[in-house]
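In what follows, a structure is listed as structure tokens, so that the remarks can point back to it.
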Amino acid sequence: MLFRAKTFLKSNLPRPVYEGLRLAKNPQDIKSALRFATSSELELPVGTRLGVLRRMFLATFSIECPHTQDEVLRFMEAILMLPDSIPGCVIEAGCYKGGSTAKFSLATKLAGRKLKVFDSFEGIPEHEEDHGKNIFGDEAAFPPGSYKGALEEVQSNVERFGDPSVCTYVKGWFDDTLPGFDEPVAAAYLDVDLASSTKTCLKYLYPLLSPGGVLFSQDGHLPLVLDVFRDRSFWEDELGCSPPRLEGLGQSKLIRLSKA
């Protein structure tokens, strides 16, 4: 499978992009790229898919991106496979320097939706969470002010590698911005690092998620965030529902849920 992926991409991508991908440390990224390029579940011409992949790889090699291609491609595929009958925009909560934003904007445009980007643009807020080690045994620390990307930097990166026509940026702390947001949501992607921020995003975004919509968290490797998703009392008391079925819980960075 990996050999087929490398051969396919080498034949269809500009050499500088292929060479950069060849040096990638995560083989799953190559497999995911092949899946995206050849999947029968996506109703996109091959040329369009390869164009998206090209811009994604260029963004990865030009912007500091704390995600893998596999992680963002899974969300992009979810966006593209949502039926038109499911109303709502696409939400990104936590965008850092805009690498993921640029990539998500490409899928959002192809899906005919709008992308709402929520971020403080000031980095991680003040907090007292001690994450210790993640589920893989690595240190997990998020000092206040880390992962800061200025709004102008994010917008510039989206201009270069994404589609700014679908993007709206909402600047501020989640506690201040999300309570006033009331649009239907078709798909949401959380990359917020903190348990407190995860709670805030779920509290205000999950009720807006359309039936059949999807929500992803890129923080599934963090024990404190896992505690939030596993907390039955949080779901019942704050959201008035039973915990939804969660894919990838405690197994990978990426958690996925679909709203029944």
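Please read all numbers here as calculations on a predicted model, not as lab measurements.
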Quiz item: salt bridge (Lys or Arg N to Asp or Glu O under 4.0 Å) between E238 and K203: does it pass, once the steps are laid out?
Solution: CA-CA 7 Å; E238 296 288 342; K203 179 178 178 179; 3.7 Å; yes
Exercise. Look at the rings of Y189 and F75 and say which category their plane angle falls in: under 30° parallel, 30 to 60° tilted, over 60° perpendicular.
Key: tilted
Quiz item: Which value, rounded to the nearest 0.5 Å, describes the distance between S252 atom OG and I135 atom CD1?
Solution: 7.0 Å
Quiz item: Out of curiosity, L73 CG to L53 CG, how far, rounded to the nearest 0.5 Å?
Solution: 6.5 Å
Quiz item: Checking side chain to side chain contact (heavy atoms under 4.5 Å, CB included) for the pair L257/V214: CA distance, chi angles, key distance, verdict?
Solution: CA-CA 6 Å; L257 65 85; V214 293; over 6 Å; no
Distance-only donor-acceptor check, side chains [X] and [Y], under 3.5 Å:
X    : Y    : answer
H67  : K103 : yes
D163 : S105 : no
E236 : S242 : no
T60  : Q69  : yes
Y96  : E64  : yes
S100 : E92  : yes

Quiz item: Can you check whether L222's main-chain N or O pairs, donor with acceptor, with D219's side chain at less than 3.5 Å?
Solution: no
Self-check item: G248 backbone acceptor or donor facing R256 side chain under 3.5 Å
Solution: no
Common cluster, [X]/[Y], ILVMFWY with side-chain heavy-atom separation under 4.5 Å:
X    : Y    : value
L82  : F216 : no
V192 : L208 : yes
L151 : F118 : no
V170 : V166 : no

Quiz item: Between E77 and R35, is the closest basic N to carboxylate O distance under 4.0 Å?
Solution: yes
Quiz prompt | Ring centres under 6.0 angstrom apart (Y204, F181) | solution = no
Self-check item: Six-ring centre of Y206, K259 cation under 6.0 angstrom, axis tolerance 45°
Solution: yes
Quiz prompt | Over 12 foreign heavy atoms within 6.0 Å of CG, D237 | solution = yes
